[in-house]
Amino acid sequence: MKGVVFNVLEEMVIEQCGMLAWNEILEAQEIEGIYTAGESYPDEELFGLVGSISAKTEIPAETLVGAFGERLFKGLSERNPVFIEAESTLKGFLKSVHDVIHIEVRKLYENPNLPDFEYEEDADNTLLMRYRSPRKLCILAEGLIRGAAYHYDTAIEIEHPVCMHKGADHCDLIVRFL
Ligand code: ZN
């Protein structure tokens with residue numbers, strides 16, 4: 001996972017719980033916690049931090065990962081405003097993630113290990129995003145979508161009827177625009 005993801009996690013914890021809490025979480029994981037945005041760090045380190053934050057705050061890891069996804073959208077779009085300036089609607093933005101945004105991300109960061117998205121549109125007010133990633137971070141993807149919805153000031157609901165955590169080889173994230 002790229003250092004920028006750890007940078008945003010650190011920002012979120014410091015905003016919500018303070019610097020002392022972040023330092024205690026790093027100590028609990030016995031890690032230094034210095035992350036360079038473009039460098040890669042082991043996924044296990046991120047999951048370990050999430051586990052420690054969950055233990056400290058008594059927030060279930062899944063809830064935490066979803067909330068982090070929302071905050072991650074904000075952190076990434078503030079750092080790279082070009083990603084959101086190209087699209088004026090949430091639906092346009094979501095549809096640009098795979099073919100436009102991920103290509104731009106690959107120019108910025110070496111081997112970012114991005115998930116794969118396929119799209120299906122059955123009706124004007126829904127967009128199916130089919131998620132595939134060996135990391136199975138579909139809850140993080142849901143959070144990122146909610147973060148984007150907040151940015152575009154668009155009310156949505158997300159259904160997640162097919163999930164890799166329930167034995168499927170992909171996740172279906174159905175975004176309904178209200
Ligand atoms: Zn899933």
Side-chain angles (χ1 to χ4, degrees), residues 1-9 11-13 16 40-55 57-77 80 83-84 87 89-106 109 111-152 154-178:
M1 198 64 83
K2 287 293 170 190
V4 66
V5 176
F6 292 83
N7 296 154
V8 178
L9 184 68
E11 283 173 11
M12 182 178 85
V13 172
Q16 307 274 328
S40 290
Y41 301 90
D43 288 357
E44 294 70 32
E45 199 160 315
L46 187 76
F47 300 146
L49 286 168
V50 169
S52 281
I53 298 165
S54 173
T57 58
E58 296 180 351
I59 298 169
E62 196 175 296
T63 308
L64 201 60
V65 169
F68 175 55
E70 288 183 48
R71 184 60 184 77
L72 185 60
F73 178 87
K74 182 169 177 269
L76 294 176
S77 58
N80 309 284
F83 293 167
I84 45 173
E87 292 292 340
T89 65
L90 175 64
K91 196 177 193 182
F93 171 78
L94 293 176
K95 285 166 70 179
S96 77
V97 168
H98 192 67
D99 288 331
V100 180
I101 308 237
H102 281 177
I103 287 165
E104 293 301 318
V105 171
R106 285 189 182 93
Y109 302 113
N111 299 320
N113 261 322
L114 297 166
D116 192 64
F117 279 110
E118 283 171 32
Y119 299 92
E120 266 178 40
E121 270 182 281
D122 297 331
D124 278 354
N125 66 336
T126 60
L127 178 68
L128 184 151
M129 298 178 74
R130 183 154 289 158
Y131 168 97
R132 283 190 180 88
S133 165
R135 287 179 170 139
K136 300 185 184 178
L137 284 172
C138 50
I139 301 300
L140 186 70
E142 268 196 32
L144 283 159
I145 294 168
R146 282 199 304 274
Y150 183 77
H151 171 78
Y152 284 99
T154 303
I156 57 162
E157 276 172 2
I158 304 174
E159 280 178 56
H160 195 151
V162 176
C163 185
M164 298 174 90
H165 293 286
K166 295 174 190 158
D169 70 343
H170 67 274
C171 297
D172 280 345
L173 305 177
I174 301 170
V175 183
R176 184 160 286 117
F177 304 88
L178 304 174

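For the numbers below, each heavy atom of this structure counts, side chains included, while hydrogens, waters and symmetry mates do not. In this text, all values refer to a predicted model and were calculated from it rather than measured experimentally. Counting convention: from 1, in listed order, for ligands and their atoms alike.
Taking the side chain as every heavy atom from C-beta outward, L49 and F6 approach each other to under 4.5 Å. Residues K91 and E121 meet the side-chain proximity criterion, which asks for heavy atoms closer than 4.5 Å.
Listed by chain and number, the residues in a ring-ring contact (aromatic ring centres under 6.0 Å, His included) with Y131 are F117 (sequence neighbours excluded). Listed by chain and number, the residues in a ring-ring contact (aromatic ring centres under 6.0 Å, His included) with Y150 amount to none (sequence neighbours excluded). Partners of F93 according to the ring-ring contact (aromatic ring centres under 6.0 Å, His included) rule, which considers only residues two or more places apart in sequence or in another chain, are F73, Y152.
Using a 4.0 Å cut-off between charged side-chain N and carboxylate O, E70 and K74 make no salt bridge.
Within the protein, the number of N/O/S atoms found under 2.8 Å from the Zn ion (ligand 1) is 4.
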